[in-house]
Protein chains: 2
Amino acid sequence: MVYQKVNVPRLADAIMEQLESQIIEGVLKPGARLPAERVLAEQLGVSRPSLREAIQKLVAKGRIISRQGGGNYVSDQLETAFSDPWEQLIRQNTALHGDVLEFRRAIEGVVASMAAERATDADLAHLKDLIGKLRRAYEGEDLAAQSAADVAFHQAVAEASHNVLFAHLVSSLLHMLHKNIEDNIANLFASGPVAGTLLEQHEAVWQAIENRDPVAARAASEAHIDFVAKTMAHFRDERERRDRAQRRLAGV
Amino acid sequence: MVYQKVNVPRLADAIMEQLESQIIEGVLKPGARLPAERVLAEQLGVSRPSLREAIQKLVAKGRIISRQGGGNYVSDQLETAFSDPWEQLIRQNTALHGDVLEFRRAIEGVVASMAAERATDADLAHLKDLIGKLRRAYEGEDLAAQSAADVAFHQAVAEASHNVLFAHLVSSLLHMLHKNIEDNIANLFASGPVAGTLLEQHEAVWQAIENRDPVAARAASEAHIDFVAKTMAHFRDERERRDRAQRRLAGV
DNA sequence: TTTGTAAATTGGTATTACCAATATTTGTTA
DNA sequence: TAACAAATATTGGTAATACCAATTTACAAA
């Protein structure tokens, strides 16, 4: 007979929950400073190592920020909790960025070719509509609109594949990536020539699907991702160079 | 002037990242047991409290499960998280079974071709070993062993792609499939000719990877999934026919 | 008032000891 | 011999303590 797992109360967990609920309920407001560990430990009637383990858990969750010699502070909660497992995996492991691009390239390539084989007239009309939105967005300067139109188009291609798993997967990936893009390299898409190239590439994908040419659709999709990867890498280098120059000027 | 934030290296963070990357890269597999804290602390050259803080962070992230007196284990979070959203959907909607197989076909095809391009000698040796295990399993009658060997082989191919996202996606998919489907049509593997064909197909995938032939690897992989799909459909029809006959005999 | 230095504060790391839950071994009994 | 139970060893959980390193604060000197 398998009995139910006994619920062993863990001290560090209890402390963590108590602190976390105080943060959530607003007793401890964002930016507030916690009492010193030695003091807080005594107030709670636990040892400092136990309290520290609880605090470390909250740091891992992003609820607390601690600075040596400074103190422990309730975080501003800028970071929303990652409910999506893909996001949770990738956000904090920058070493995986290369894998992510490769992954997206492969997935979107497959999805585009499937869409080319299966898109219904309704799908094609929807895609055409989204291409129009994309064109208007790139003509303007509204970054949020550009990003939204981009996500919508890729999402529509994925849905035209008529496979819910691919549609769901692409949706997860896109939302994660575009949240990242908006945070870090917002003006990547702003510059004219880049926007023009991106629009051409999206149109190439759309045309291939419209022509029901799976091979071309895959190729166009992969070329698009390759370009995005290259541009992002270029932008990252650029920013690093600028930062270095700035530090040099500051005499640091 | 705003100076760059000084990056104070935190020992517990460094330990956490090291352990986490080992988990993500598959060096530490789900269910694996970590060395005892005292031992691991000495191996890493850090104190036990520091190691514990790192472990607590990983527990908070859900990557590790620790049981007092039992040990610290790598959680199966990465095996389940990606497919969990799909699982419920698919259970209730049998019409999506086709999507799942198609998805798997596409993913495994891509993964096999990537493996053929990148597998190291160590990967090849591992695959060869698993092919041997698969052969022995198919010679026997132990369905659980057959299923386990099958999963292990496909997962090893995915790992040989050297892309952790694909590796985790495949792992997640396989676990979902073998949890939901195994019960119903476990004896798919039992019958002699089917087992023989399956073994041949696995060997074909392996050979293509060994020959570093991406195209053949993809083709072999897709042919394998197609056969599995066909056999499953056949078996399902067979069972339905039997059930109908039974109902007729029962006068319902 | 400003500035530089010393002191106090505070988080970070390490050592050690002991407790509690679990796993393993051993010995006894049927 | 097999099954069960007690003893033992292993392992994570908690605690106390000391010292280090970064930060903040206090205060004296310019």
Side-chain angles (χ1 to χ4, degrees), chain A residues 1-20 22-23 28 30-76 251-252, chain B residues 1-20 23 28 30-75:
Chain A
M1 180 61 200
V2 179
Y3 289 97
Q4 187 155 20
K5 279 179 286 188
V6 279
N7 204 352
V8 185
R10 239 65 83 98
L11 188 51
D13 286 344
I15 300 168
M16 183 192 72
E17 280 170 23
Q18 185 174 344
L19 290 176
E20 190 170 23
Q22 286 188 6
I23 292 172
L28 292 170
R33 178 177 175 172
L34 295 172
E37 292 183 354
R38 291 164 177 84
V39 177
L40 187 55
E42 194 181 8
Q43 283 180 7
L44 295 172
V46 300
S47 72
R48 197 172 153 223
S50 295
L51 172 62
R52 274 187 64 79
E53 284 186 6
I55 290 177
Q56 293 307 316
K57 281 171 184 274
L58 290 170
V59 170
K61 279 187 169 187
R63 295 224 180 272
I64 282 185
I65 296 170
S66 76
R67 282 170 30 229
Q68 178 172 354
N72 293 309
Y73 296 84
V74 179
S75 95
D76 294 334
V252 177
Chain B
M1 184 61 207
V2 179
Y3 289 97
Q4 189 165 23
K5 275 182 287 187
V6 279
N7 205 351
V8 185
R10 240 64 83 97
L11 187 52
D13 286 346
I15 300 168
M16 184 195 71
E17 280 171 24
Q18 185 175 343
L19 289 176
E20 187 175 24
I23 292 172
L28 292 170
R33 179 178 177 172
L34 296 175
E37 290 184 356
R38 291 162 178 85
V39 177
L40 186 55
E42 194 183 6
Q43 284 178 7
L44 295 172
V46 300
S47 73
R48 197 173 152 222
S50 294
L51 172 61
R52 274 187 65 79
E53 284 186 6
I55 289 176
Q56 293 308 316
K57 281 170 184 271
L58 290 172
V59 170
K61 281 188 169 187
R63 300 236 185 276
I64 282 184
I65 296 170
S66 74
R67 281 169 32 229
Q68 179 172 351
N72 293 310
Y73 296 84
V74 178
S75 85

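This is a predicted model, so every value here is computed, not measured. Throughout, a chain's letter reflects where its sequence line sits, starting with A, and its residues are numbered from 1.
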Set out, line by line, the N/O atom pairs under 3.5 Å between protein and nucleotides 4-9 of chain D.
none

Write down the protein N/O and nucleotide N/O pairs, taken from nucleotides 6-8 of chain C, whose separation is under 3.5 Å; answer none if there are no such pairs.
none

Please list, pair by pair, any protein nitrogen or oxygen found under 3.5 Å from a nitrogen or oxygen in nucleotides 15-19 of chain D.
{"from": "D/dA15", "atom 1": "OP2", "to": "A/S47", "atom 2": "N", "distance (Å)": "3.4"}
{"from": "D/dA15", "atom 1": "OP2", "to": "A/S47", "atom 2": "OG", "distance (Å)": "3.4"}
{"from": "D/dA15", "atom 1": "OP2", "to": "A/S50", "atom 2": "OG", "distance (Å)": "2.8"}
{"from": "D/dC19", "atom 1": "N4", "to": "A/R38", "atom 2": "NH2", "distance (Å)": "3.4"}

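Judged as a side chain to side chain contact (heavy atoms under 4.5 Å, CB included), and not counting sequence neighbours, the contacts of A/Q22 are A/Q18, A/V27, A/L28. Residues passing the side chain to side chain contact (heavy atoms under 4.5 Å, CB included) test with B/P30, sequence neighbours excluded: B/D76, B/E79. Contacts of B/R63 classified as salt bridge (Lys or Arg N to Asp or Glu O under 4.0 Å), with partners at least two apart in sequence or in another chain: B/E20. Every residue two or more places apart in sequence or in another chain that forms a side chain to side chain contact (heavy atoms under 4.5 Å, CB included) with B/L11 is listed here: B/I15, B/V46, B/S50. Remark: B/E37 engages B/R48, B/R52 in a salt bridge (Lys or Arg N to Asp or Glu O under 4.0 Å) (not counting sequence neighbours).
Heavy atoms only, all atoms of each residue included: A/S75 and A/G62 are closest at OG-O, 2.8 Å. For B/A12 against B/K57, the heavy-atom pair with the smallest separation is CB-CE, 4.5 Å.
The separation between A/R10 atom CZ and C/dA20 atom P is 15 Å, rounded to whole Å. Following rounding to the nearest Å, B/L51 (CG) and C/dT16 (P) show an atom-to-atom distance of 17 Å. We find that CD of A/E37 is positioned 18 Å from P of D/dC20, with the value rounded to whole Å. Following rounding to the nearest Å, B/Y73 (OH) and C/dT22 (P) show an atom-to-atom distance of 11 Å. Taking atom CE of A/M16 as the reference point, atom C1' of D/dG13 lies 16 Å away to the nearest angstrom.
Base engagement by A/R52 is indicated by at least one non-hydrogen atom pair under 4.0 Å involving a base atom.
The phosphate of D/dG12 (OP1 or OP2) has a side-chain N or O of B/N72 nearer than 4.0 angstrom.
Within the model, atoms CG of A/L58 and CD of A/E53 stand 12.0 Å from one another, a figure rounded to the nearest 0.5 Å. Separating the CG atom in B/N72 from the CG atom in B/L19 is a distance of 9.5 Å, to the nearest 0.5 Å. To the nearest 0.5 Å, atoms CG (A/L34) and OH (A/Y73) are separated by 9.5 Å. With rounding to the nearest 0.5 Å, the separation of CD in A/Q56 from CE in B/M16 is 9.5 Å. Distance check: B/L51 CG to B/L40 CG gives 5.0 Å after rounding to the nearest 0.5 Å.
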Mind running side chain to side chain contact (heavy atoms under 4.5 Å, CB included) on B/V59 and A/D13 for me, showing each step along the way?
CA-CA 10 Å; B/V59 170; A/D13 286 344; 5.7 Å; no

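Less than 4.0 Å separates DNA chain C from at least one heavy atom of each of the following residues of residues 53-68 of chain B: B/R67, B/Q68.
Comparing A/G69 and B/G69 by the nucleotide of DNA chain D whose heavy atom lies nearest to each, the residue mapping closer to the 5' end is B/G69.
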